[in-house]
Amino acid sequence: MSLSPSQIRRLAAAARRAARSSYAPYSEFRVGAAVLTASGKIFSGCNVENASSGLTICAERTAVFTAVAAGQRRLVAVAVYTPTPRPTAPCGACRQVIHEFGPTATVLCVCDSPDRIEISLDQLLPKAFGPKDLR
Ligand code: THU
């Protein structure tokens, strides 16, 4: 499903705002994300790094887990803002986590220029392993 102009504006704004809370003292790469749930709510998140680098979590996963923790398990769209001149798509780990709750979610990637990517999760992660494979 493609997003309406107002959904794009709201999601992009929430993702950009979330990047302000980013804790990224090691990479200095401050990322923000926002998810739109089937109930129409928006939840946001930022990347949170750790001195033990392996424990760093991306902005997308923070946003997804925040939505799930609030009882919202159906994701319609996920936006990510990166402080880059070109939009960048979520990492593989985040694609897998988004798939769990939004296998056909629209992923919107925004950056410091007007360029953006709008693509569906199933295009980013074809033939994904998911909850159905365990049944
Ligand atoms: N990062 C994200 O939060 N999301 C992405 O889509 C790409 C990478 C974070 C992880 C780490 O804190 C920093 O960006 C550099 O990789």
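One-based numbering, in listed order, for ligands and for the atoms of each. We use all heavy atoms of the structure for the numbers below, so side chains are in, but hydrogens, waters and symmetry mates are not.
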Handout entry: ligand 1 N/O within reach of T82 N/O, cut-off under 3.5 Å
Key = no

Exercise for the section: Under 4.0 Å from a heavy atom of E60: give me the atoms of ligand 1 that qualify, with their elements. Expected result: 2 (C), 3 (O), 4 (N), 5 (C), 6 (O)

Practice task
Look only at the side chain of R30 and the backbone of A24, and say whether a donor-acceptor pair between them is shorter than 3.5 Å.
Solution key: no

Problem - Shortest protein contact, atom 14 (O) of ligand 1 (heavy atom only) - result: F29 CD2, 3.3 Å

Practice task
Show the numbers, then the answer: is there a side chain to side chain donor-acceptor pair (under 3.5 Å) between T104 and D122?
Solution key: CA-CA 6 Å; T104 61; D122 48 16; 5.8 Å; no

Exercise for the section: Test L75 against T37 for side chain to side chain contact (heavy atoms under 4.5 Å, CB included), laying out the working first. Expected result: CA-CA 4 Å; L75 305 183; T37 67; 4.2 Å; yes

Exercise for the section: Please check if any side-chain donor atom of E118 sits under 3.5 Å from a side-chain acceptor atom of S2, or the reverse. Expected result: no

Handout entry: From CA spacing to verdict: side chain to side chain contact (heavy atoms under 4.5 Å, CB included), Y26, T56
Key = CA-CA 10 Å; Y26 308 108; T56 289; 5.7 Å; no

Handout entry: Interfacing atoms of ligand 1 (cut-off 4.0 Å, heavy-atom, S27)
Key = 13 (C), 15 (C)

Exercise for the section: Provide the number and element of each atom of ligand 1 under 4.0 Å from a heavy atom of A59. Expected result: 2 (C), 3 (O)

Problem - Which residue and heavy atom of the protein sit nearest atom 8 (C) of ligand 1, plus the separation - result: C58 SG, 4.1 Å

Handout entry: Closest protein heavy atom to atom 9 (C) of ligand 1, given as residue, atom name and distance to 0.1 Å
Key = N47 ND2, 3.5 Å

Completion exercise
Atoms of ligand 1 under 4.0 Å from any heavy atom of E49, numbered from 1 in the order shown, are 11 (C), 12 (O), 13 (C)

Exercise for the section: Could you tell me whether atom 1 (N) of ligand 1 has at least one protein heavy atom nearer than 4.0 Å? Expected result: yes

Handout entry: Where ligand 1 meets T56 - atom numbers and elements under 4.0 angstrom, heavy-atom basis
Key = 11 (C), 12 (O)

Practice task
Evaluate the criterion side chain to side chain donor-acceptor pair (under 3.5 Å) for residue pair Y81 and D112; output intermediate values, then yes/no.
Solution key: CA-CA 8 Å; Y81 159 79; D112 285 336; 2.6 Å; yes

Practice task
Tell me, please, which residues at least two apart from T82 pass side chain to side chain contact (heavy atoms under 4.5 Å, CB included).
Solution key: F29, V31, V80, T84, T88, C111

